[in-house]
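Here the structure comes first, spelled out in structure tokens, and everything after it is commentary.
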Amino acid sequence: MAENYISPFRYLSPSGVVTSLPVMPGISDAYTHGLAVDLNGNLLVSATFYGTIARVTPSSQATIIAGKQEERDYVDGPVATARFEMPGALAQAPNGDIYVIDEGSNVIRKISAQGLVSTFAGFPEAWALGNIDGNGDAARFSSQCLVALAPDGSVVVGDVENFTIRRLAADGTVTTMAGKPGDERILDGTGEEARFTYHRAITTDALGNIYVADAKTIRRVAPSGTVTTLADLGTGYYPKGLAVNASGTVYFTDQHAVLRLKSDGTAEVYTGRFTPPGSVQNTNLTGSNDGSIAEAKYNNPTGLTFDAAGNLYIADTANNTIRKITPGGQVTTLAGVPSSGSGGAIDGESTNARFFGPTGIAVTPTGTVFVTDKSNDLIRRITPEGKVSTVLGKRRARGNGTGLGDEARLDWPVSIAVTQDETLYIANHSEIYKATSTATPVITTQPQSQTVPTGSNVQFTVVAQGTPAPAYQWYFNGTAINSATTSTLTMTNAQSSNAGSYTVTVTNSLGTVTSSAATLTVTTPNTPPPGNSGGPPSQSGSGGGGAPSLWFLGVVVALGLTRRILTRV
């Protein structure tokens, strides 16, 4: 047995005798928290507070196999130099690899049979915090971030607990635009001269200005980095969502309403119910009524966004719905069913779909809406027709991990931005995730069978689609052809030895599809093609290489359903 954070480590024999065994050479007091039997009958033990993994033989000989005593750290590499923070539960796979939950780093580590320690899953969240500018994984953010898309394609990041506004360029480089880490106050200025407090929402306009809901204020950051306070709303206001329409009017959510900012810096209720500071509390604030903007009610709405046509979309958080307001002021429920409590995570038509605590919302120029379904740890997609699908994450599988579709792991995602081609940027605590659309390979035009005279040139072609772009490999009678790795296979001076069956595999990271066989028949000048009686060459249909029927193409396209893959940036 292994006693949880309690020493010593003990062995119970079949005869009932209990003895204490060492966990490390000469040490039995090591606060063991992980125990497994390896493939050879030895015991594998995590010495949690010593940061090591040890092996104990049946004769009670203990050896450290990874990590170093009392040098707790997070370092991958060879076992001699690798370090663990707080190794816990562990197990050995049939191939000899050992998997260890490193509790102090919030990751799963792997010790390969060859003696190499690597991070198998997760990301060391405690090590990811900071305020470092740089490229990709070198950059560091605080534990809370917000995102918005700028007109130039870069991503604006509201680094909440660093009190800064930062920019993520297309190449992954992060720079700080305004504010100073660790200095929390309201102060206008340019770049590092400006100061921010705890901002709750961020958005951009068509000119590249950034708008920040900063505590009880609304502030604007110009592309030059100059920060201006547009409105100090006063005590009792806590804007949570933010959007700017085409004419530059600022809208924000607060209490159970959507408000908009007037030119004099004061706010007015646009739709919903809001109790101004100092007023008598109204107990009839919440609801889910659709209708005109005057009639509609909401329940703690959060995220806001406008589409190109001027429609306003609202993440109605406590109602577990997505609402839409037309430019004419009509409110409808785009997706979800009003409910309190835990909601649900059901895909499908708008009236059947379920959400749980949606917060962030973004829309493409074509009207496709993406939502951070926060309490479900999911990213959801809503088509203009109202059909809902889950594109990232898995319900009740909270975590921090990249991957494809439901392989990805999210932890209360709160903010999202989307590009025209549906690339997503997601604020997931201290990390910014990037998700791109992917599709399995689909062959849309099969290679065609041919009959040619000796000495002719031959060209087989396949047309395929897939994201990422697929790779190709041609085969002759089942054997791969060297260097035949494009969508077209060309042969010169064809001979009888070239006659046979040709296929091509089309591959990307999501899968592989093999074409129908195309048959090549090579004839001599004195031998007419079979069945042709000396007439012009005909195309052979053997091997299934003919043009595909419409129903076949439909099946193939249906199998290439779009998926989405998540990566860190």
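The figures here come from the full heavy-atom set of this structure, side chains too, leaving out hydrogens, waters and symmetry mates.
- Counted within 6.0 Å of NZ on K240, heavy atoms from surrounding residues, nucleotides or ligands total more than 12; the atom is thus considered enclosed.
- For F163, the ring-ring contact (aromatic ring centres under 6.0 Å, His included) test picks out no residue, with sequence neighbours left out.
- For K262, the side-chain contact (heavy atoms from CB on, under 4.5 Å) partners are D264, T266, E268, not counting sequence neighbours.
- Qualifying salt bridge (charged side-chain N to carboxylate O under 4.0 Å, His left out) partners for D377, counting only residues two or more places apart in sequence or in other chains: R398.
- Residues passing the salt bridge (charged side-chain N to carboxylate O under 4.0 Å, His left out) test with R185 are D183, sequence neighbours excluded.
- Take S247 and apply the side-chain contact (heavy atoms from CB on, under 4.5 Å) test, not counting sequence neighbours, and it matches N245, T249.
- Two residues are said to be in side-chain contact when any heavy atoms from C-beta on lie closer than 4.5 Å; L149 and T204 fail this criterion.
- The salt bridge (Lys or Arg N to Asp or Glu O under 4.0 Å) analysis of residues 151-165, with sequence neighbours excluded, yields the pairs D159-R166.
- A salt bridge (Lys or Arg N to Asp or Glu O under 4.0 Å) check over residues 354-364, counting only residues at least two apart or in different chains, returns nothing.
- Every pair passing ring-ring contact (aromatic ring centres under 6.0 Å, His included) that includes a residue from residues 201-250 is listed here, sequence neighbours excluded: Y237-F274.
- For A427, the side-chain contact (heavy atoms from CB on, under 4.5 Å) partners two or more places apart in sequence, or in a different chain, are C145, V147, S415, I432.
- Checked against salt bridge (charged side-chain N to carboxylate O under 4.0 Å, His left out), K68 has the following partners two or more places apart in sequence or in another chain: E71.
- Residues passing the side-chain contact (heavy atoms from CB on, under 4.5 Å) test with S224 are A222, T226, sequence neighbours excluded.
- Within the structure, every pair that satisfies the salt bridge (Lys or Arg N to Asp or Glu O under 4.0 Å) test and touches residues 212-239, not counting sequence neighbours, is listed here: D188-R219, D214-R219, K216-D232.
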